[in-house]
Amino acid sequence: MTTTRFAPSPTGYIHVGNLRTALMNWMIARKAGGTFILRIDDTDQERSKEEYVDQIKRDLEWLGLTWDRVERQSERLDRYADAADRLREMGRFYECFESPTELDLKRKKQLNMGKPPVYDRAALDLSEVKKDKLREERGGYWRFKLDQERIEWNDGILGDISIDAASVSDPVLIRADGQVLYTIASVVDDTEMGVTHVVRGSDHVTNTATQIQIIRALGGHVPEFAHHSLLTGPQGEALSKRLGTLAIKDLRERGIEPMALLSLMARLGSSQPVELRTNLDELVEGFDIGQFGAAPTKFDEQDLFPLTGRYLQTLPLEAVADDIKAIGVPDDLAERFWTVTRDNITTRGDLLAWWEMFRDGADPVIDPEDAEFVTEALALLPDAPFDSETWGKWTAAVKEATGRKGRGLFMPLRKALTGQPHGPDMADVMPLLQKVRAKG
Ligand code: GLU
């Protein structure tokens, strides 16, 4: 059975980069009728916060990316300790004592000599006596001993990958304070939870190589791996610093619709064009991980606004009725209000400005050369409330009285009534307009 997982660390809010990972894993599971696990990677007790766990869930729920179950790494520490013991018994686990400064010095020396900065395994040569002493002095941490051979896999996005394990440092799996690190926790979970597909960012490629060896050592089944490219800004600039402002919750607060965000992220970086999808089933149906490329993917948040606008245009009144009620539109005007505004908004937040304009009347815009004409025309306008025939009857009367026609007739009147040179059909606007401020 196809099983995938999204495994955020609850040390911050999730952003568009994380969403790419979540969405791809979710779509693989849903397309196959499989299981999608939300795994909270919270082994770092200091940095993990409950507030972030809650927000991650809220974000995913808002997007509709629902999970079949939640797992928390902090509740599975005994499983990781167990795996560590097994690796220790197999002789694949060894204790090290170098401080970060010492390691840094080693790396610099290696680089100076033109060598790759790979951990030299000096700890393997320490005598038991020396180790006991060091353990007492500073405590030891544990590395996994890689088999120095090529590690290969067929990546769902990157294609055939081959990494020489000799060019990679033996990964630290347990810290001196006993904290289990992600590399082993993730492997134990993926193996025990039967994860069949792992999609994550290409910053994890080296992790994958080492994890494949750890999975094999523990006798687990190696899942299919796929690594998506990292997102950049529209000009190809690194997005890492700005990701903080591209949190899902911020985009939501700015009025982006979930389907707009999902439609963009489901296609960005693939050979298929971005198409607006109006529901999750369509999104899943059109998904094919093989269409994604290895090149960095440009993300421009501005693309989300037109997609949001287009999505809103597809909605029936029921889908926005609560928003329309909340801003105070009377029930009997709701249907008409939506019909008139839906093609003229970018986000739901824009509805308020429209209602304020209808309710209070707009600041009139009257060009000096039209002043006399507008005054004459307004004298012919009956008092509100207006109906759907008001505009036709009124402009016919104005035409007759002034001799103006076409644009010269309609445009000054539109600007006087709505304050704008464009917008919805005036025949539809009139019944919503509660006041004409130009009339005084
Ligand atoms: N917690 C890890 C991260 O957020 C998970 C990576 C993975 O998918 O294995 O980077």
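In each ligand, atom 1 is the first atom listed, and ligand 1 is the first ligand listed.
- Residue pairs satisfying the ring-ring contact (aromatic ring centres under 6.0 Å, His included) criterion with at least one member in residues 184-212, sequence neighbours excluded, are listed as follows: Tyr182-His204.
- The two residues Arg5 and Ser186 make their nearest non-hydrogen contact at NH2-OG, 3.3 Å.
- Near ligand 1, Arg5, Ala7, Ser9, Asp41, Tyr182, Ser186, Arg200, His204 each place a heavy atom less than 4.0 angstrom from the ligand.
- With 3.5 Å as the limit, one finds no donor-acceptor pair spanning the side chains of Thr308 and Glu257.
- A salt bridge links Arg92 and Asp147; the closest N-O separation between the charged side-chain nitrogens and carboxylate oxygens is under 4.0 Å.
- Neither side chain, Arg310 nor Thr278, offers a donor N or O lying under 3.5 Å from an acceptor on the other.
- Defined by atom type and a distance below 3.5 Å, a donor-acceptor pair is present between the side-chain atoms of Ser74 and Asp42.
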